[in-house]
Amino acid sequence: MKNISSIDFRNDFVNGFNGDESGNITPRQTPGVFYSRAVPTVVKDVTLIAWSDELAKELEIQRPINQADIDILGGKMVTPSMRPYAACYAGHQFGNWAGQLGDGRAITLGELQTSTGKVWELQLKGAGRTAYSRNADGRAVLRSSLREYLMSEAMHYLRVPTTRALSLVSTGERVMRDMFYNGNAAYEPGAIVMRVAPSFLRFGNFEMPAARSEINNLRKLIDWTIERYYPHINGDNKILAWFTEVVERTASLMVEWLRVGFVHGVMNTDNMSILGLTIDYGPYSFVDDYDPNFTPNTTDLPGRRYAFGRQAAVAKWNLACLAGAIAPIVEDNDKLIASLESYDDFYWSRYNTMMANKLGLDAVSEKDMKFVEQFEKVLSVIKPDMTIFYQLLIDLPGEIENEQAVIEHFEESFYETPSDGEVEKLFDLMKTYSERIQSNTISRKESIKRMRENNPRFVLRNYLLHQAIEDVEKGDNTLFVKLQEAIKEPYSVKFDQFYAKRPSWAAEKAGCSMLSCSS
Ligand code: AMP
Ligand code: MG
């Protein structure tokens, strides 16, 4: 096991592509290049707040044992094998072309190769200004860093594809933020997350050279991406085959978000991973009450473009942007469109499998699809707590006597008492469900096993994060430490102390239900 300071980093991206090597961090357009070199800005005092032992084991590195190692996690020290850079990318934000964006506060230190041959990109988020910081400070606050650290790890344990987080440090410096965008800016503690992924490439990295008509650069980036991250793809039609796989991975990711009730909140094309990972944790949330219209992002109002129930459609829209970007180097554009259109079939097939698992069915047949649709409709009317409702569903008795019995069974999940009409709907739904369970071709035992494996019992709710952040800011890590453990066992009863719906005080409270992008 190595110390972080003794890693011999690879720098394949920097070595493979043109970059602006000047180190100049004056905000500017950087045509023709894939990155601009950027050294992390030295901060005052780096203190380790959290370290992910399991990820470190996978990376074959030791928990920091001295201040030099900790300083690396805060960008205060850079080792000789690192060639830090900020990537240049563009994006569509809230449906509009936003031009060049780039890593404004993320700096990649280098790539780490483990003994198994796996390569990981190590990146600091909040490490200071880069050529892409525009008029912002390149920093991140503790509040948002703690959220990214915990949630990206939580998603990993939920088995949802995601970037990871190795460490969280405080910088000993204060960062000015106007959290509510209401003119009341205040200082908050600064922090840095070291995040880790095979690659942080986004759709926007491909949109950038395309928008600049840098066709050779675009082709080079695609070839590199395929060779490195999609090595099983080759032959004459490799670009189409690659795009189709990006379509499939993205569709799968949307289904996984639905499964666990995750709402990303800022699905701009610069926040869409080319590997189909959940990336860039900002004003995200789990749905508490089941509401397809729920968006956690205050900037997403009133349009609710990124609402829970719209994520699958938006992902396809984003894929269309990617298709548009790569179109100049795809010979047969009809095939490219067909590949984009394959999204729907693939999505629905994955969705049906996912719903079968959530509901404990052998499969979702053509006939069952109507039932599933009805199921989601009833849920979106009654709006029970999603996580708790599905847990209670696992224990639903085979025979449901009457409406009262249904009400009592699901009581714990209700935020509001359902009306008589709603109760009737739920009762009918559960009767159909029980009958359908009877005709399962899998055993009841297998059915329950599938439900337990696919319905999380613990999800990292925003109000819990909010409480943990308030405590940590006051110097009390107790809840944060507990949450770090709880995220590792989302499907077990072990952390049932958190098995409760969102408390009423948190319903409208900023940071507990809705968040701003200010981070
Ligand atoms: P996001 O909405 O967080 O994905 O960010 C969109 C763009 O704004 C990206 O180019 C970020 O790097 C940049 N950005 C966000 N916050 C900051 C910050 N505090 N300093 C510099 N750039 C930032
Ligand atoms: Mg982003």
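In listed order, ligands and their atoms are each counted from 1.
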Identify all N/O pairs between ligand 1 and the protein with a separation under 3.5 Å and present them as a table of atom names and distances.
| from | atom 1 | to | atom 2 | distance (Å) |
| --- | --- | --- | --- | --- |
| ligand 1 | 4 (O) | Asn271 | OD1 | 3.0 |
| ligand 1 | 4 (O) | Asn271 | ND2 | 3.2 |
| ligand 1 | 8 (O) | Arg134 | NH2 | 2.8 |
| ligand 1 | 10 (O) | Gly102 | O | 2.6 |
| ligand 1 | 12 (O) | Gly102 | O | 3.3 |
| ligand 1 | 12 (O) | Gly104 | N | 2.7 |
| ligand 1 | 16 (N) | Arg105 | NE | 3.3 |
| ligand 1 | 19 (N) | Asp137 | OD1 | 3.1 |
| ligand 1 | 19 (N) | Arg139 | O | 3.2 |
| ligand 1 | 19 (N) | Arg177 | NH2 | 3.3 |
| ligand 1 | 20 (N) | Gly138 | N | 2.8 |

If the threshold is 4.0 Å, N to carboxylate O, is there a salt bridge linking [X] and [Y]?
X      : Y      : value
Asp385 : Arg502 : no
Glu470 : Arg143 : no
Glu256 : Arg259 : yes
Lys44  : Glu173 : no
Asp223 : Lys238 : yes

Could you pull out the N/O/S protein atoms under 2.8 Å of the Mg ion (ligand 2), ignoring any water?
-> Asn271 OD1, Asp280 OD2

Taking all non-hydrogen atoms of both residues, which atom of Trp97 and which atom of Ala211 are closest, and how far apart?
->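 Distance-wise, the nearest heavy atoms are CZ2-CB, 3.5 Å.
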
For the pair Phe17 and Trp224, name the ring-plane relationship: parallel under 30°, tilted 30 to 60°, perpendicular over 60°.
-> perpendicular

Might you work through the ring-ring contact (aromatic ring centres under 6.0 Å, His included) test for Phe498 and Phe458, ending with a clear yes or no?
-> CA-CA 7 Å; Phe498 298 120; Phe458 169 77; 5.6 Å; yes

Under the side-chain hydrogen bond (donor to acceptor under 3.5 Å, both in side chains) criterion, do Gln29 and Tyr132 qualify, and how do the steps go?
-> CA-CA 8 Å; Gln29 295 289 313; Tyr132 309 109; over 6 Å; no

